[in-house]
Amino acid sequence: MNIAGFYPKKFLGQNFLFDDNIKSKIIQACNLSGEDFVLEIGPGTGALTKELVKIAKGVVAVEKDIRLFQILCSTLGEYLNLSIVNQDILKYRISQSNTKVIGNIPYNISSPIIEHLINQKEKISVIYISLQKELAQRIIAKPGGKDYGSLSLFVQYHTSPSIKFIIKSGSFKPRPKVDSAFVELLIRKTPAVSVKDEETLFKIIRAAFGQRRKMISNTLKAFLSAEKICQTGISPSIRPEDLSLQDFAKLADLAG
Ligand code: SAM
């Protein structure tokens with residue numbers, strides 16, 4: 001596949017958005033004002049960047065591919081409110097407070113990117129990203145189904161996630177195998193539940209979902225006896241997918 005002399009690299013998740021309707025939908029959904037500072041992840045050939053710079057006060061666009069970095073510098077270099085950075089987003093530290101993060105991010109590293117951003121959440125107000133539809137469904141999943149797991153709980157603890165709309169795979173070139181979802185992750189000012197120790201909470205969640213078909217009396221043995229689990233009012237024979245974030249918080253507080 002050749003886009004104006006440019007050969008996309010699969011390992012960098014290079015699927016470029018060319019559907020103008022979807023571009024406008026994304027820009028509208030981000031609800032930007034002239035006061036906003038934006039961090040764009042993976043600007044590519046600048047499909048979204050050229051719209052973002054017209055609205056926001058400042059845009060930092062972080063692109064790993066040196067070829068795209070050079071294209072962006074020559075096509076969008078005139079915008080004084082745009083700073084183009086040739087770096088791996090997983091190594092980039094946000095310095096501007098109240099940043100809005102936006103991006104059609106590479107699918108192969110979507111989960112590490114989300115984790116990296118959430119680890120810097122004190123600098124972020126909201127994250128707008130397109131993800132593989134299946135991953136988006138796992139992020140917003142509620143207890144009781146196969147989509148629900150550690151990722152749902154981690155993201156829902158720190159943010160309020162929602163799917164804004166679906167993007168058909170045909171909106172990108174080259175066309176990815178699956179459809180995408182455009183997702184909003186609104187950073188919570190305080191986490192969704194309060195716990196004595198966050199680390200214990202996520203250790204327990206990971207241990208429980210590490211063997212999701214087993215009862216928690218089995219998988220949480222190292223943290224809590226069956227008797228202690230009973231003290232929370234939760235049945236030790238329950239499986240993790242039937243426990244809410246509040247339930248995990250109760251278990252963590254008793255273990256910690
Ligand atoms: N935003 C463009 C668009 O919508 O057409 C491109 C989207 S494409 C799905 C993902 C972009 O992320 C590519 O430009 C790719 O080179 C870039 N990318 C991949 N891995 C990256 C990383 N670790 N850090 C920064 N950019 C990365």
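Each ligand, and each atom within it, is numbered from 1 in the order the structure gives. None of the values given here were measured: they were computed from a predicted structure. Atoms considered below: every heavy atom in the structure, side chains included; atoms not considered: hydrogens, waters and symmetry mates.
Checked by distance only, ligand 1 and N104 come closer than 3.5 Å through their nitrogen or oxygen atoms. Polar contact with ligand 1: present for E63 (N/O pair, distance under 3.5 Å). Among the atoms of G42, some N or O lies under 3.5 angstrom from an N or O of ligand 1.
In T49, neither the side chain nor the backbone holds a heavy atom less than 4.0 Å from any atom of ligand 1. With a 4.0 Å heavy-atom cut-off, ligand 1 is reached by the backbone of Q87 but not by any atom from C-beta on. Contacts of L68 with ligand 1, taken as heavy-atom pairs under 4.0 Å, involve the side chain alone.
Take D36 and apply the salt bridge (Lys or Arg N to Asp or Glu O under 4.0 Å) test, not counting sequence neighbours, and it matches K100.
A side-chain hydrogen bond (donor to acceptor under 3.5 Å, both in side chains) with Q120 is found for one member of E122, H116, K123 and no other, namely H116.
Annotation for L185 and I129: closest pair CD1-CD1, 4.2 Å, computed over non-hydrogen atoms.
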Pair Q211, N218 - check side chain to side chain donor-acceptor pair (under 3.5 Å), show working.
CA-CA 9 Å; Q211 294 169 286; N218 236 308; over 6 Å; no
Under the side chain to side chain contact (heavy atoms under 4.5 Å, CB included) rule, what do K64 and I89 come out as? Steps first, then yes or no, please.
CA-CA 7 Å; K64 187 173 179 184; I89 190 63; over 6 Å; no
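Every atom of ligand 1 is numbered from 1 in the order shown, and the set under 4.0 Å from a heavy atom of V62 is 25 (C), 26 (N). Atoms of ligand 1 lying under 4.0 Å from at least one heavy atom of P43, given by number and element, are 1 (N), 2 (C). Of all atoms in ligand 1, listed by their number and element, those nearer than 4.0 Å to a heavy atom of L17 are 3 (C), 4 (O), 5 (O). For ligand 1, the atoms closer than 4.0 angstrom to any heavy atom of I109 are 23 (N). Contact atoms of ligand 1 toward Q14: 13 (C), 15 (C), 16 (O) (distance under 4.0 Å to a heavy atom of the residue).
Residue contacts with ligand 1: I41 is excluded, as none of its non-hydrogen atoms falls under 4.0 Å. Note on ligand 1: D88 sits in its first shell, one or more heavy atoms being nearer than 4.0 Å. L48 does not count as a contact of ligand 1, since none of its heavy atoms falls under 4.0 Å from the ligand.
Summarising the contacts of atom 24 (N) of ligand 1 with N86, I89, I66, I102, the nearest heavy atom is found in I89. Around atom 8 (S) of ligand 1, the closest heavy atom drawn from G44, G13, S110 belongs to G13. Here atom 25 (C) of ligand 1 lies nearest to K64 when heavy atoms of K64, K9, H116, K23 are compared.
Between R239 and D242, no side-chain nitrogen of the basic residue sits less than 4.0 Å from a carboxylate oxygen of the acidic one, so the salt-bridge criterion is not met.
Residues in residues 160-180 take part in these ring pair (Phe, Tyr, Trp, His ring centres under 6.0 Å) pairs, two or more places apart or across chains: F165-F182.
Between the side chains of R206 and S150, no donor N or O sits under 3.5 Å from an acceptor N or O.
No single ILVMFWY cluster, assembled from side-chain heavy atoms under 4.5 Å apart, contains both I118 and V38.
Side-chain atoms of R188 come within 3.5 Å of backbone N or O of T159 as a donor-acceptor pair.
Using cut-offs of 30° and 60° on the angle between ring planes, the pair F202 and Y157 is perpendicular.
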